[in-house]
Every structure is written in structure tokens, then in C-alpha cells.
Amino acid sequence: MKKICLWSGPRNISTALMYSFAQRDDTRVVDEPLYGHYLRKTGVRHPGREEIMAEVNCDGNFVMKNLLNLNDENGKEVLFLKQMTKHLVDVDRDFLPKFKNILLIRDPKDMLPSFAVNIPKPNLADTGLDLQWKLYKSLKSLGNKPIVVDSRELLMNPENILKQLCGHLNLEFVDSMLSWPAEPRKEDGIWAKYWYQSLHKSTGFQSYQAKPNFPDAHKQVLSECMPYYEKLLSEAIRANQEKE
């Protein structure tokens, strides 16, 4: 069974990409398996915290060991895990090189205003961009170079980027990855009602739209985020440009 981890920051299009992979007949998707572990370890106050922790397994090492040992289920040959990079807190990382890893990034100028709707005063740690860069360097040193996908590139040309991504993953691209029904999915985490409302109205990747008038209140954290984003962006696959 081919196993893939998508490592994203918040308010990115990670759920849309999970829905895209869920359209494949050969793929089983799992929504943020380390979320409960992250809430337990950090004590952060996210919407629905108690409900989430009561619903999911909050032992991250146990969760990842089980997923690593998961075999084909109902003929599924691919396991796709949608993960948040910042959830990798106090988790044994030995599993990482055993997965194909994707880093999904988003320009902080677009991400921070969106994230602030739910988390009013986001900081660098909330974005996970510094952790994504550290993860990139760590995996690369182990010979497991992650595939970096920028959300703007993906939204501007979904078919091109998905074809490149599938090529890197040694998967065949299928047209069904470009659209999905406008409805909640059975794979959604219990937190979907707090975060996925707009996505449940979508039928595919939305056109890219830049956020206007970046708020002054977030300019300090923006300046902290940009160096990490720019480093990762330099490694990202680009539409109409094949990358080794």
C-alpha cells in the first residue's frame, strides 16, 4: 500500500486536496489523524476542543503506528493522510521516511487574514511555516525529498499541478480528481462544522483570488513568516514547468 502524508499549514486548501484524492477509486483518505494528539499536548483552545478530544484517539504515536501498519482495505492501494505540520509535537518521527511526503504552502499574505477569522491573534507557530521548512530540510537529509506544492499555483492550474504531483508520487492522474460533490464527506473530521463550511458548497478547486488590504495588525507575524515561505516556494513545482 502506497502511503502519502500531506503536511499543510492552516487555512490552506489542504481539505480540497484531500477531497481531490478521495475521488480516486484506489485511495483512502484520513483527515488530520494527529489533531487530538496536538490538542492534548499543547492545551490550545480550538473550536470544539473537548468534543474532538472525546471523539478521536489522542495518542499520536499509537495513531501513526496503526496507520503505518494499515494494509489494503476494500482494494484501496493508496493511503492519503491530510496532516497539519504543527501537529507534529512530541511525536516519534521515525514514520516520516516511510511515507511519500508533500508540503502544501500558502502565501502568508493570503493565509493570515483568513486564519485570523477563527484564531484572532495568529503567530508564527500557528502557521507552521517554520516547521514546514525544518521538516523539508530534515526529510531531504534522509533522502526523502518532499514535494512542495504552492496553493496559488494549484488554484491557477489544478490539472497541471495535479498531473505533476501524481507523477512525483508514481500515480496515474485521473480526471475525477478535479471535482467532487458539494456536500460533507464521510472522511471529514468531527471539526468540519467549524472549518469546512465554504468547502462543502464547492464542487472543485476555486479560482485563485488575492486577499486585498492586508491588515496592519498582522504585519509583524507576516514579516516572520515570509522568509520561510519564500524558501519553500523556491522548491515548489510550478504550472507549465516540470521540476526535478
Rounded at 0.5 Å granularity, tell me how far [atom1] in [X] sits from [atom2] in [Y].
| X | Y | atom1 | atom2 | answer |
| --- | --- | --- | --- | --- |
| Y229 | D130 | OH | CG | 16.0 Å |
| M177 | L171 | CE | CG | 7.5 Å |
| L79 | L81 | CG | CG | 4.5 Å |
| L232 | L103 | CG | CG | 6.5 Å |
| E77 | T27 | CD | OG1 | 8.5 Å |
| D150 | I161 | CG | CD1 | 8.5 Å |

Closer than 3.5 angstrom, by distance alone: can the side chain of [X] be matched with the main-chain N or O of [Y] as a donor-acceptor pair?
| X | Y | value |
| --- | --- | --- |
| R49 | V44 | yes |
| K3 | L70 | yes |
| R11 | R106 | no |
| N61 | D92 | yes |
| Q206 | L155 | no |
| R40 | C58 | yes |
| S138 | L135 | no |
| D126 | N123 | yes |
| K2 | L169 | yes |
| N101 | L96 | yes |

Honestly curious: do [X] and [Y] fall in one hydrophobic cluster under the side-chain, below-4.5 Å linking rule?
| X | Y | result |
| --- | --- | --- |
| L142 | L88 | no |
| V91 | M84 | no |
| I102 | L139 | yes |
| L131 | I105 | no |
| W7 | Y228 | yes |

Show the nearest heavy-atom pair for residues [X] and [Y], with the distance to one decimal.
| X | Y | value |
| --- | --- | --- |
| L34 | G60 | CD2-CA, 3.5 Å |
| Q132 | L104 | NE2-O, 2.9 Å |
| C225 | L124 | SG-CD1, 3.8 Å |
| D110 | A210 | OD1-CA, 3.8 Å |
| V89 | K41 | CG1-CB, 4.0 Å |
| N157 | A239 | CB-CB, 3.8 Å |

Quick test of your reading: applying ring pair (Phe, Tyr, Trp, His ring centres under 6.0 Å), list the pairs with at least one residue in residues 145-164, sequence neighbours left out, ordered by first then second residue.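 Listed by first then second residue: nothing to list.
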
I need the full list of ring pair (Phe, Tyr, Trp, His ring centres under 6.0 Å) pairs touching residues 88-113, with sequence neighbours left out, sorted by first then second residue.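 Matches after skipping sequence neighbours: F95-F99.
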
Set of ring pair (Phe, Tyr, Trp, His ring centres under 6.0 Å) partners for W133, sequence neighbours left out: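 With sequence neighbours excluded, W133 shows a ring pair (Phe, Tyr, Trp, His ring centres under 6.0 Å) to Y136, given in chain and number order.
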
On the 0 to 90° scale, with breaks at 30° and 60°, tag the F21-F80 ring pair as parallel, tilted or perpendicular.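 Aromatic pair F21/F80 classed parallel.
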
Residue pair [X] / [Y], side-chain heavy-atom distance below 4.5 Å:
| X | Y | result |
| --- | --- | --- |
| T127 | P108 | no |
| S14 | L6 | yes |
| H37 | F62 | no |
| K82 | T15 | yes |
| K109 | L222 | yes |
| Q23 | P181 | yes |
| L154 | L162 | yes |
| V56 | E32 | no |

Electrostatic pair [X]:[Y] at N-O distance under 4.0 angstrom:
| X | Y | value |
| --- | --- | --- |
| R185 | D188 | no |
| E51 | K193 | yes |
| E235 | K231 | no |

Evaluate the side-chain contact (heavy atoms from CB on, under 4.5 Å) criterion for residues K86 and T42: first the C-alpha distance (whole Å), next the side-chain angles of each, then the deciding distance (0.1 Å), finally the verdict. CA-CA 10 Å; K86 65 181 182 180; T42 63; over 6 Å; no

Verdict with reasoning, F173 to D175, per side-chain contact (heavy atoms from CB on, under 4.5 Å): CA-CA 7 Å; F173 169 78; D175 289 336; 3.3 Å; yes

Checking side-chain contact (heavy atoms from CB on, under 4.5 Å) for the pair S8/M18: CA distance, chi angles, key distance, verdict? CA-CA 11 Å; S8 180; M18 178 181 78; over 6 Å; no

Residue [X] excluded, over 12 heavy atoms near [atom1] under 6.0 Å:
| X | atom1 | value |
| --- | --- | --- |
| E183 | CD | yes |
| D25 | CG | no |
| M226 | CE | yes |
| Q197 | CD | yes |

Under 3.5 Å side-chain donor-acceptor pair for [X] and [Y]:
| X | Y | answer |
| --- | --- | --- |
| D107 | Y208 | no |
| Y35 | H46 | yes |
| N160 | Q164 | yes |

